[in-house]
Student: 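The following block contains the structure, expressed as structure tokens.
Since the structure is predicted, the reported quantities are computational estimates derived from the model, not experimental observations. Letters A, B, ... are given to chains in the order of the sequence lines, protein chains preceding strands, and every chain is numbered from 1.
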Amino acid sequence: MDLSGISPVLLLASLIVASTPILLAALGELVVERSGVLNLGVEGMMITGAITGFATAVATGSPALGFLGAAVGGAALSVLFAVLVLWLKSNQVATGLALTLFGLGLASMVGQAYNGIRAPEMGDIAIPLLSDIPVLGPILFRHDWVVYLGVALVAGVWWFLNRSRAGLTLRAVGENHDAAHALGYHVLRLRFLAILFGGACAGLGGAYLSLVRVPQWTEGITAGAGWIALAIVVFASWRPLRLLLGAWLFGGISVLQLNLQAARVPIPVEVLSMAPYLVTILVLVLISSGRGRAALAAPGSLGQPFHASR
Amino acid sequence: MSDVLLAIRGLTKAYPGVVANSDVSFDIRPASVHALLGENGAGKSTLVKTIYGLVRPDAGSMTLAGRPYTPAEPRAARAAGVAMVFQHFSLFDALSVAENIALGMENPPPLRDLSSRIAQVSREYGLPLDPRRTVGDLSAGERQRVEIIRCLLQAPRLLIMDEPTSVLTPQEVDILFGTLRQLREEGTAILYISHKLEEIRALCEEATILRGGKVVATCDPRATSARQMAEMMVGGTLKTPARATIAGGEVVLEVQGLSAASPRQHGMALRDVTFSVSRGEVLGIGGVAGNGQDELLLALSGEMRTAPGMVRLGSDPIGRCSPSERRARGLLCAPEERMGHAAAPDMTLTENAFLTGRVRERLARGGFVDWTGARSFAERVIRGFDVRTPGPGAAARSLSGGNLQKFVIGREILQRPEVLVVNQPTWGVDAAAAASIRQALLDLASQGAAVVVVSQDLDELMEISDRFAALNEGRLSPARPARGLTVEEIGLMLGGAHGMEVAHAH
């Protein structure tokens, strides 16, 4: 065992990178759930984004266009979910699970042709001056643009939900859709837009895995990241800033377990790689039991179908 | 016609299988309070939804201040000066008062300016309200003030109020009436829907009565008795419940120092609730919704367990018993929410009869359902309580509110309970069905059972209870003989007007 090989600065810097995919996916899901819809298909939309993004980047040679393709791919899959759930009133939980299975299968089929190809490289952007700060500079300000985009989106979603009129309407629709309808708001239209945003964000998160983290296409590349994203939304009790902390925490655990494996800590590898998922389960149990639940403040209409006639 | 604000001519709206409004015509004058009366299902809701732009009529026209008025959505209605206070509040629990009000406005000012305008309007109309509080923590009366202020900020020409007083204490009703009279002086027209005929006689100048979707009568409520109006609504004569009293029965249900946290979000904890009921007695428990009624029902039915000695049946502590054990011992409950709590909406009446009748009617043998027995039990309920339905094979969802309620109450009564606890037995039920349910409860008591009626309808409680107690913030007042209680005394037992301290602070 040799823990001296773990550099705290590098660990924290890679933590931020590792947390970016789940941060993006969770942020999209947060907006979806605040509008009152529970989309369990995050994993499926992520992996669809991973392959569409990868394919676009390979075809065009541009990682930026790849991310765009990923957002479109994730959003396209979410349209399927939206139509089923919003207009055909199917059960949200079952449809979300089906979406995950469908997305995994679809991505694996499309991905056949892309095995073993490397993605076009994407450089880091060191922010002038800030990146020269000792310790903090390398941790926070020497990353690729998607990392910055993720953090900016957190701030943007926070501002949208808490400061904008449309965000207030979105929260109202998620809190009590019957009351929102009675006041004349378009519940289904708003939810449709929220689901699209969620799909696009999940797609971006998936593409970050296939274009930056790995960076190549492998089957099952998301490996449960979508489920962790879902857990973080609950962990953050539907608040964007806590979501950032949650993503860093889970990103941190997965990076730490890799480092501990490399440092030959005498714990079986399997237990270490289980760690993030175990913590996810633990957090979900703690948070949804008894008193914790009341403090959670889940959106009032979360998961309920909306019938305009009533 | 300058003295008519809203003229309604020949409005007709049909839904599959039912005509909700048929050729409805009447006028609402400015600076007046116009009452709209009718049984449940008479078409009042459809009519006001049409005026507010939530429902589009199949035929007919409306004229607002001399100009054609066809609101396509509530937004258009609000822009034309029509505002509405909903029966089931259209509020968002997790949001603040100011946010809730902003959601009901077309162009809300920034939240800070809005807060000061809310404070200003709430002072002007004597409706105390703190814009920063979360709506989920407010009492029913305060929630209604949020709705009213939301409407007032738009300076409406016509204000629609759908059953505004059903959740208020008498003192809060006085505050509301003061506000409405002030609005009338200022020239606002008010369309007022209520079941409470005495209130309508005190407040309104004109009344339009609907029955079966048609206008059947108009009258001046100030010159018409409540009984006459009720009979116009029902289209027949009303019977007043009668009973034979038995005095001095033994105590069967005793609740001692019952304290429990609410299992629900935004629920109310029970604090040291103590009461007892004797054979042959009806105990009425009044109170504004959300003051612990649901929690009390859960603790009595066994859905929420408590310390064993807190609830006693006869002399046995049953605080830890399951609902089925309590049923076996003779404590039966009929909860408030008919669809989903008292009855499973998509199951047939036979199945629903089985669900609560299993223990006492022995409808399950060796793990198998006795369908013949369950069906005949359901048929007995249907016959005995005049439930209008094609038969026991009908789904609970297909019954109207009143009929399903008769079924739910009848199902418990036929199981010969020692103690029957009912919550809101006649909520949303028309007058004829309500009278027969009340009569059935009184008959049950005179056969020697103890009956606990939890209700927000004070008139109902005064009509059937022997003793009356009030739930307020999870505490139960000592029970007092119901005969001779005045409205003021009851109001004070209910906690007076909630939040009035704020008013005096200004």
Student: Taking side chain to side chain contact (heavy atoms under 4.5 Å, CB included) as the criterion, tell me which of B/V135, B/N100, B/D93, B/L91 meets it with A/E175.
Tutor: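 Considering B/V135, B/N100, B/D93, B/L91, a side chain to side chain contact (heavy atoms under 4.5 Å, CB included) with A/E175 is found only for B/D93.
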Student: Quick one: pull up CG in B/L103 and CZ in A/R165 and give me the separation to the nearest 0.5 Å.
Tutor: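 Rounded to the nearest 0.5 Å, the CG-CZ separation comes out at 6.0 Å.
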Student: Under a 4.5 Å heavy-atom cut-off, does chain A meet the side chain of B/A76, its backbone, both or neither?
Tutor: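 For B/A76, there is no contact with chain A at all, as no heavy atom is under 4.5 Å.
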Student: Which heavy-atom pair separates B/P74 from A/G184 by the least distance, and what is that distance?
Tutor: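 Heavy atoms of B/P74 and A/G184 come nearest at CG-CA, 3.7 Å.
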Student: Checking A/H177 against chain B: side chain, backbone, both or neither under 4.5 Å from a heavy atom?
Tutor: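 For A/H177, no heavy atom lies under 4.5 Å from chain B.
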Student: Using a 4.5 Å heavy-atom cutoff, which residues in residues 194-201 of chain A come close to chain B?
Tutor: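 Heavy-atom contacts from residues 194-201 of chain A to chain B are absent.
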Student: Non-hydrogen atoms of chain A under 4.5 Å away: do they reach the side chain of B/P108, the backbone, both or neither?
Tutor: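 Side chain of B/P108 only, per the 4.5 Å heavy-atom cut-off to chain A.
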Student: Of all residues at least two apart in sequence or in a different chain, which pass the salt bridge (charged side-chain N to carboxylate O under 4.0 Å, His left out) check with B/R132?
Tutor: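 With neighbours one apart ignored, the set is B/D130.
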Student: Measure B/E99 against the heavy atoms of chain A and call it side chain, backbone, both or neither at under 4.5 Å.
Tutor: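 Both backbone and side chain.
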Student: With a sphere of 6.0 Å drawn around CZ of B/R271, does it hold more than 12 non-hydrogen atoms of other residues, nucleotides or ligands?
Tutor: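 Enclosed: over 12 neighbouring heavy atoms sit under 6.0 Å from CZ of B/R271.
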Student: Does atom CZ of A/F102 have more than 12 heavy-atom neighbours from other groups under 6.0 Å away?
Tutor: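 No - once you tally the heavy atoms of other residues, nucleotides and ligands closer than 6.0 Å, there are 12 at most.
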Student: Quick check: does any side chain N or O of B/R78 sit under 3.5 Å from a backbone N or O of A/L183, one acting as donor and the other as acceptor?
Tutor: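 Present.
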Student: Within this structure, what is the OH-CZ distance for the pair A/Y185 and B/R75, rounded to the nearest 0.5 Å?
Tutor: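 One gets 6.0 Å once the value is rounded to the nearest 0.5 Å.
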